[in-house]
Enquirer: 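Just passing along the structure, written as structure tokens.
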Amino acid sequence: MAVQKGMSNKVTLYVTRHGKTMLNTIDRVQGWADSPLTEAGIVVAEQLGRGLAGTKFEAVYTSDRGRTIETADIVMQNAAFELPLNQLKGLREFGFGKFEGELNRVMWEKACEVHGFPTVEAFFEVHKHDAPRLMIDMVAEMDETGMAENWDIFTTRLLASLDLICSEVTDGNVLVVCHGMVINILLSLLDPDSVAVPIENASVTKISFENGSYTVESANDMQYVARGVIKN
């Protein structure tokens, strides 16, 4: 599916997920909450950087969370280029509200139970195509504090962020370091058939913008990480 915008030259967004973090490792909810990269997260960011060496980037964008900024710094250092970091609040991971820091399993199982499903798997069997939207709104409904985002708020800021990047960089490659759920929701909006679960840490999803339309060229690609592995 293409999203129509004004005319432009071709911009290719190399959208990558940050390296693995402490909260990723212990399988806890990490949206607006933040945690540092683990040793494994640093290594995979280094590998991604080496794998991207030789690719010319016009700009680098990250969310305003430390894990994406740290990843971008490591990637640039290992790819041997340096550009200013443009931090966009709109590229933040989904805001889980009161569930930030909770075990992922606990949050998703509770959401499914509230809506009459005994397991997460049972929910996905029934709601294969609209699962992302429903799951996000389920979290928002359960958060009586009102801090969690809903589908409309989340997707609006994500698409606005892409539009902003492609208005500021009108031609060439752009490195975008953001988050797993951000990438999957963008895929669900632009090309549902390319949705990949899970989005791997340091994977690259290429989204191009040309002639007024966004196109997903590849998703969840680990080839750049593989290129950057140092062989003994």
Side-chain angles (χ1 to χ4, degrees), residues 1-19 44-65 67-93 155-191 193-196 199-229:
M1 182 180 74
V3 176
Q4 296 298 318
K5 280 173 38 62
M7 299 294 290
S8 82
N9 296 322
K10 184 174 181 179
V11 179
T12 302
L13 307 175
Y14 285 65
V15 186
T16 184
R17 186 185 178 195
H18 59 79
V44 79
E46 291 171 341
Q47 292 167 339
L48 174 60
R50 290 192 293 268
L52 288 172
T55 302
K56 185 178 186 301
F57 290 100
E58 303 300 324
V60 178
Y61 288 79
T62 70
S63 79
D64 63 349
R65 302 294 84 183
R67 57 194 185 270
T68 64
I69 297 167
E70 185 180 2
T71 299
D73 283 336
I74 294 169
V75 168
M76 285 196 290
Q77 180 180 354
N78 284 271
F81 71 89
E82 185 174 355
L83 289 168
L85 284 182
N86 300 285
Q87 297 178 34
L88 291 183
K89 184 177 178 180
L91 289 175
R92 279 186 184 182
E93 183 60 288
T155 55
T156 296
R157 69 170 169 86
L158 294 186
L159 291 176
S161 296
L162 288 195
D163 287 352
L164 177 61
I165 293 169
C166 293
S167 70
E168 294 182 342
V169 183
T170 58
D171 196 27
N173 300 322
V174 180
L175 179 64
V176 181
V177 185
C178 55
H179 307 270
M181 200 164 175
V182 166
I183 296 170
N184 245 333
I185 295 306
L186 285 174
L187 290 174
S188 74
L189 293 169
L190 302 176
D191 184 2
D193 290 337
S194 66
V195 172
I199 294 291
E200 299 292 341
N201 295 102
S203 64
V204 172
T205 292
K206 281 190 185 180
I207 300 173
S208 64
F209 176 68
E210 187 176 21
N211 297 324
S213 296
Y214 289 111
T215 302
V216 176
E217 296 186 2
S218 60
N220 204 28
D221 189 352
M222 293 296 286
Q223 68 166 303
Y224 297 98
V225 170
R227 287 182 195 173
V229 174

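All figures in this text were calculated on a predicted structure; none of them were measured in a lab.
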Enquirer: Find the distance between CG (Leu88) and OG1 (Thr62) and round it off to the nearest 0.5 Å.
Expert: 7.5 Å

Enquirer: Between Tyr61 and Cys178 (side chain of the first, backbone of the second, donor and acceptor by atom type, cut-off under 3.5 Å), is there such a pair?
Expert: no

Enquirer: About how many Å separate CD of Glu168 and CG of Leu164, when rounded to the nearest 0.5 Å?
Expert: 4.0 Å

Enquirer: CD1 of Ile165 to OG1 of Thr170: how many Å apart, nearest 0.5 Å?
Expert: 13.5 Å

Enquirer: Decide side chain to side chain donor-acceptor pair (under 3.5 Å) for Asp221 and Ser203; before the verdict, give the C-alpha distance in whole Å, the side-chain angles of both, and the deciding distance to 0.1 Å.
Expert: CA-CA 5 Å; Asp221 189 352; Ser203 64; over 6 Å; no

Enquirer: For the residue pair Asn201 and Val44, what are the closest heavy atoms and their distance?
Expert: O-CG2, 4.0 Å

Enquirer: To the nearest 0.5 Å, what is the distance between OG (Ser161) and CG (Leu91)?
Expert: 4.5 Å

Enquirer: I need the minimum non-hydrogen distance between Ala72 and Val177, along with the two atoms involved.
Expert: CB-CG2, 3.9 Å

Enquirer: For a quick test of reading the model, state the closest non-hydrogen atom pair linking Val174 to Phe57 and the distance between them.
Expert: C-CD2, 3.7 Å

Enquirer: Okay, side chain of Arg157, backbone of Arg92: is any donor-acceptor separation there less than 3.5 Å?
Expert: yes

Enquirer: Nearest 0.5 Å please: distance from the CD1 atom of Ile207 over to the SG atom of Cys166.
Expert: 9.0 Å

Enquirer: For Ile183 and Thr16, which heavy atoms make the closest approach, and how far apart are they?
Expert: CD1-C, 3.8 Å

Enquirer: How far does OH of Tyr14 sit from OH of Tyr224, to the nearest 0.5 angstrom?
Expert: 4.5 Å

Enquirer: Could you tell me whether Glu217 and Lys10 make a salt bridge, using a distance below 4.0 angstrom between a side-chain N and a carboxylate O?
Expert: yes

Enquirer: Taking Glu200's backbone N and O only, do any of them form a donor-acceptor pair with Arg17's side chain (distance below 3.5 Å, no angle check)?
Expert: no

Enquirer: Strictly distance-based, threshold 3.5 Å: is any side-chain N or O of Asn78 a donor or acceptor partner for the main-chain N or O of Ile74?
Expert: yes

Enquirer: Under a 3.5 Å distance rule, please check whether Glu93 uses its side chain to pair with a backbone N or O of Met181 as donor and acceptor.
Expert: yes

Enquirer: Hey, does the side chain of Asn173 reach the backbone of Lys56 with a donor-acceptor pair shorter than 3.5 angstrom?
Expert: yes

Enquirer: Say whether, by atom type as modelled, one donor and one acceptor occur between the side chain of Thr12 and the main chain of Ser208 under 3.5 angstrom.
Expert: no

Enquirer: Ring-plane angle category for His179 and His18, please: parallel below 30°, perpendicular beyond 60°, tilted otherwise.
Expert: perpendicular

